[in-house]
Peer 1: 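For reference, the structure I am asking about is given below.
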Amino acid sequence: MTRSVQIIGTGQLLELSRRLKAAGGPRLKANFARRIRHAAEPLATGMQQTIRSLPIKADPRKAGKRGGPSPTTRPLRATVAGAVRTSIRTSGNPGARVWIDRASLPLDLRDMPSTMNSANGRIRHQVFGNRKRWHNNWTTPLWWEKTVRAHQPRMEREVARVVDDVKNDLS
């Protein structure tokens, strides 16, 4: 699974970062960071919406099997969607990064984003914690990559526009 998305035009952004540092304008640097974050926010929001609306289907129950309420009140999709983060760098390797913060997920859900995004879309789990009984759920495979591809052209255009505007401010 692609764990993060980075929009980096290394040549242009590095050059711009050096010029910002040389200009010593913290206001200009803050403006640059704010606009890059603004360009990445729709992708983060799109990721959260995709996760929240991700269909998860279960195999049908076998005859005679009993069901029951979930042992947890924690909503899976909302919990994973809440872990989507955006970070901005203006020095070193400047750019925007959208990622899932696994540390903010509960311990038993740390691998769930990569499991949900697997190529076959299978989520295999124990039935109510019973290690002898396992169950499969199915979801849309590779949703992360599809969402990134849908947002990438707009982000690249926006970042290029920000870079051009800041270059004009420096000249």
Side-chain angles (χ1 to χ4, degrees), residues 1-14 33-62 65 67 69-90 92-163:
M1 171 179 154
T2 307
R3 294 196 189 266
S4 64
V5 179
Q6 299 179 359
I7 300 295
I8 299 172
T10 52
Q12 286 182 330
L13 287 176
L14 282 173
R34 181 181 50 78
R35 290 185 64 193
I36 294 292
R37 179 177 299 281
H38 182 71
E41 281 174 357
L43 175 61
T45 304
M47 283 295 175
Q48 290 174 334
Q49 288 173 348
T50 300
I51 294 168
R52 285 189 178 105
S53 64
L54 204 59
I56 298 178
K57 298 176 185 157
D59 289 337
R61 286 198 175 136
K62 296 174 179 68
K65 301 292 181 183
S70 173
T72 176
T73 58
R74 183 182 61 225
L76 172 67
R77 289 174 280 218
T79 302
V80 174
V84 173
R85 304 280 188 260
T86 305
S87 61
I88 307 300
R89 291 172 316 281
T90 56
N93 193 7
R97 181 175 169 227
V98 176
W99 52 289
I100 293 183
D101 183 13
R102 292 177 48 187
S104 69
L105 292 172
L107 286 174
D108 59 334
L109 294 181
R110 297 255 165 111
D111 291 330
M112 190 53 68
S114 57
T115 302
M116 290 169 69
N117 193 49
S118 64
N120 62 5
R122 183 175 86 159
I123 303 170
R124 182 172 159 82
H125 62 92
Q126 300 169 7
V127 177
F128 296 111
N130 182 348
R131 293 177 186 246
K132 294 180 181 177
R133 291 190 61 205
W134 290 80
H135 184 72
N136 292 322
N137 289 78
W138 303 92
T139 187
T140 307
L142 305 175
W143 53 268
W144 183 274
E145 286 80 7
K146 291 174 186 174
T147 307
V148 169
R149 277 196 300 271
H151 286 270
Q152 193 167 1
R154 184 204 49 78
M155 284 182 64
E156 288 174 350
R157 284 192 310 271
E158 182 69 23
V159 168
R161 196 172 92 223
V162 169
V163 168

Peer 1: Taking all heavy atoms of Val84 and all of Ile100, pick out the closest pair and write down the distance.
Peer 2: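 So the minimum-distance heavy-atom pair works out to CG2-CG1, 4.2 Å.
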Peer 1: Measure the shortest side-chain to side-chain distance between Glu41 and Thr86 over non-hydrogen atoms and say whether it is less than 4.5 angstrom.
Peer 2: no
Peer 1: If you compare all heavy atoms of Val98 against all heavy atoms of Ala44, which two are closest, and at what distance to 0.1 Å?
Peer 2: CG1-CA, 4.1 Å
Peer 1: In a table with atom names and distances, give each donor-acceptor pair under 3.5 Å that connects a side chain of residues 46-53 to protein atoms at least two apart or in another chain.
Peer 2:
residue: Gln48; atom: NE2; partner: Ala81; partner atom: O; Å: 3.3
residue: Thr50; atom: OG1; partner: Gly46; partner atom: O; Å: 2.8
residue: Thr50; atom: OG1; partner: Thr147; partner atom: OG1; Å: 3.3
residue: Ser53; atom: OG; partner: Gln49; partner atom: O; Å: 2.9
residue: Ser53; atom: OG; partner: Thr50; partner atom: O; Å: 3.4

Peer 1: For Arg161, check salt bridge (Lys or Arg N to Asp or Glu O under 4.0 Å) against everything at least two apart and list the hits.
Peer 2: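 Once residues adjacent in sequence are excluded, the partners of Arg161 under the salt bridge (Lys or Arg N to Asp or Glu O under 4.0 Å) criterion are Glu158.
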Peer 1: To the nearest 0.5 Å, what is the distance between CZ (Arg149) and CD (Gln152)?
Peer 2: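 Taking CZ in Arg149 and CD in Gln152, the distance rounds to 9.5 Å.
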Peer 1: For Lys57, I'd like to know if atom NZ has over 12 heavy atoms of other residues, nucleotides or ligands within 6.0 Å.
Peer 2: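 Incorrect, the count does not exceed 12.
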Peer 1: For His135 and Arg124, run side chain to side chain contact (heavy atoms under 4.5 Å, CB included): C-alpha distance rounded to whole Å, both residues' side-chain angles, the deciding distance at 0.1 Å, then the answer.
Peer 2: CA-CA 6 Å; His135 184 72; Arg124 182 172 159 82; over 6 Å; no
Peer 1: Using a 4.5 Å cut-off on heavy atoms from C-beta on, say whether the side chain of Ile36 contacts that of Val162.
Peer 2: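 The answer is yes, as the side chains (C-beta and beyond) meet within the 4.5 Å cut-off.
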Peer 1: Nearest 0.5 Å, what's the CE-OG1 distance between Met116 and Thr139?
Peer 2: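 These two atoms lie 5.5 Å from each other.
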Peer 1: Can you tell me if Arg110 uses its side chain to pair, donor with acceptor, with the backbone of Ala103 under 3.5 Å?
Peer 2: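 Side chain of Arg110 to backbone of Ala103: a pair is present.
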Peer 1: I'd like to know whether NE2 of His38 has more than 12 heavy-atom contacts from other residues, nucleotides or ligands below 6.0 angstrom.
Peer 2: no
Peer 1: Please evaluate residues Trp138 and Ile56 with respect to the criterion side chain to side chain contact (heavy atoms under 4.5 Å, CB included), reporting the C-alpha separation (whole Å), side-chain torsions for both, the decisive distance (0.1 Å), and the verdict.
Peer 2: CA-CA 5 Å; Trp138 303 92; Ile56 298 178; over 6 Å; no
Peer 1: Please assess Ser104 against Arg85 for the test side chain to side chain contact (heavy atoms under 4.5 Å, CB included), listing each intermediate value before the final yes or no.
Peer 2: CA-CA 10 Å; Ser104 69; Arg85 304 280 188 260; 3.5 Å; yes
Peer 1: Should Leu109 and Arg102 count as side-chain neighbours, where that means a heavy-atom distance under 4.5 Å?
Peer 2: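 Not touching, per the 4.5 Å side-chain cut-off.
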Peer 1: Which heavy atom in Trp99 sits nearest to a heavy atom in Trp144, and how many Å separate them?
Peer 2: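 Looking at all heavy atoms of both residues, the shortest contact is CA-CH2, 4.1 Å.
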Peer 1: Does Glu145 reach the side chain of Asn117, with side-chain heavy atoms less than 4.5 Å apart?
Peer 2: yes
Peer 1: Over all heavy atoms of both residues, which pair between Ala33 and Ile88 is shortest? Give the atoms and the distance, please.
Peer 2: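 Closest approach of Ala33 to Ile88: O-CG2, 3.9 Å.
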Peer 1: Do you know the tightest heavy-atom contact between Pro113 and Val80?
Peer 2: CG-CG1, 4.0 Å
Peer 1: Within the structure provided, determine whether Asn120 and Pro141 are in side-chain contact (heavy-atom separation under 4.5 Å).
Peer 2: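 Side-chain contact under 4.5 Å: no.
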